[in-house]
2 protein chains.
Amino acid sequence: MTYGQKIEALAVPTRRAVLERLIEGPASVGEIADGLPVSRPAVSQHLRVLKDANLVRETKHGTRHIYSLNAEGFQDLRAYFDQFWDGALAALQTAVKASEEQ
Amino acid sequence: MTYGQKIEALAVPTRRAVLERLIEGPASVGEIADGLPVSRPAVSQHLRVLKDANLVRETKHGTRHIYSLNAEGFQDLRAYFDQFWDGALAALQTAVKASEEQ
DNA sequence: AGTATTCGTAAGTCATGACTTACGGACAGA
DNA sequence: TCTGTCCGTAAGTCATGACTTACGAATACT
């Protein structure tokens, strides 16, 4: 829900690998784990974190749990970065101005 | 240098607080630490991480080390996110198309 | 020279969380 | 019903790193 939660979700390499796998399309837990050097339960735990951060969605087909990217969560994160960068850019402009006046 | 390094630098709340302080303008280590609930050495260590990630610059005036935001590092990070989101968006489009054809 | 600031680093503590294996539940198919 | 598959959770291990205090180096000021 918070920005920090999303950023911290992205900070773990294995979780980024999971997300990059999901860019290629929705996948089940087992399918995701097959492409990674960690166990299936580990992937399951990472998916829980990503789901709590709203970066991923879950739909159940029989015993298979299919995960896919959640655009909404990514947009929120992008909004935060845009806001941060706007602030940073303004600060840098001010700094340039101040050093010119100096 | 790597994207992971930058993202992991942003993942720690105290480091985000340091960066948000720097949006308001360049500051010395002591000034930054005064506004945070951690010790000065802790801030010094965080600044080292941020500097290694190219998110921050250091200039020395006497005994004071002045830190400021580094736009270059943030642009690299933004490029990564843009690329990721473009891929994610394309994936979502494909998913919609596939579900329509189904 | 002597003192005071400002800072980085060393060393050590401690919580967090990324992993593992073991287990049990839920659904599909014979 | 029984077996096999797919998955989440519990419990425990272990490395990482975010903090602390203590110290010493570098510069400024008198």
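Reminder, nothing fancy here: chain letters follow the sequence lines and each chain counts from 1. Hydrogens, waters and symmetry mates play no part in the numbers below; they use all other heavy atoms, side chains included.
Under the 4.5 Å side-chain contact rule for hydrophobic residues, B:Val49 and B:Val29 do not share a cluster.
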Give the table of side-chain donor-acceptor pairs shorter than 3.5 Å for residues 51-63 of chain B, with sequence neighbours excluded, one pair per line with atom names and distance.
from    : atom 1 : to      : atom 2 : distance (Å)
B:Lys51 : NZ     : B:Glu58 : OE1    : 2.7
B:Glu58 : OE2    : B:His65 : ND1    : 2.8
B:Glu58 : OE2    : B:Tyr67 : OH     : 3.2

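Across all their heavy atoms, B:Leu22 and B:Ala27 have their closest contact at CD2-N, 3.9 Å. When all heavy atoms of B:Tyr3 and B:Asp76 are compared, the pair lying nearest together is CE2-O, 3.6 Å. Nearest approach of A:Ile7 to B:Ala11, heavy atoms of both residues: CG2-CA, 3.8 Å.
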*asked:* Does the protein touch nucleotides 2-15 of chain C at the base, only the backbone, or not at all? Give it as B, S and - per nucleotide, heavy atoms under 4.0 Å.
replied: ----SBBBB-----
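Judged by closest nucleotide on DNA chain C, A:Glu8 is the one of A:Gly62 and A:Glu8 placed further toward the 5' end. In terms of position along DNA chain C, the nucleotide closest to A:Val12 lies nearer the 5' end than the nucleotide closest to the other residue of the pair A:Val12 and A:His61.
One can place CG of A:Leu10 at 17 Å from C1' of C:dG17, the figure rounded to the nearest angstrom. Whole-Å rounding puts the A:His46 NE2 to C:dA18 P distance at 6 Å.
Every pair passing side-chain hydrogen bond (donor to acceptor under 3.5 Å, both in side chains) that includes a residue from residues 9-21 of chain A is listed here, sequence neighbours excluded: A:Arg15-A:His46, A:Glu20-B:Tyr80.
Counting only heavy atoms from C-beta on, B:Arg15 has its side chain closest to D:dA18 among C:dA18, D:dT20, D:dA18.
Remark: A:Thr14 is not in phosphate contact with C:dA18, judged by side-chain N or O atoms under 4.0 Å from OP1 or OP2.
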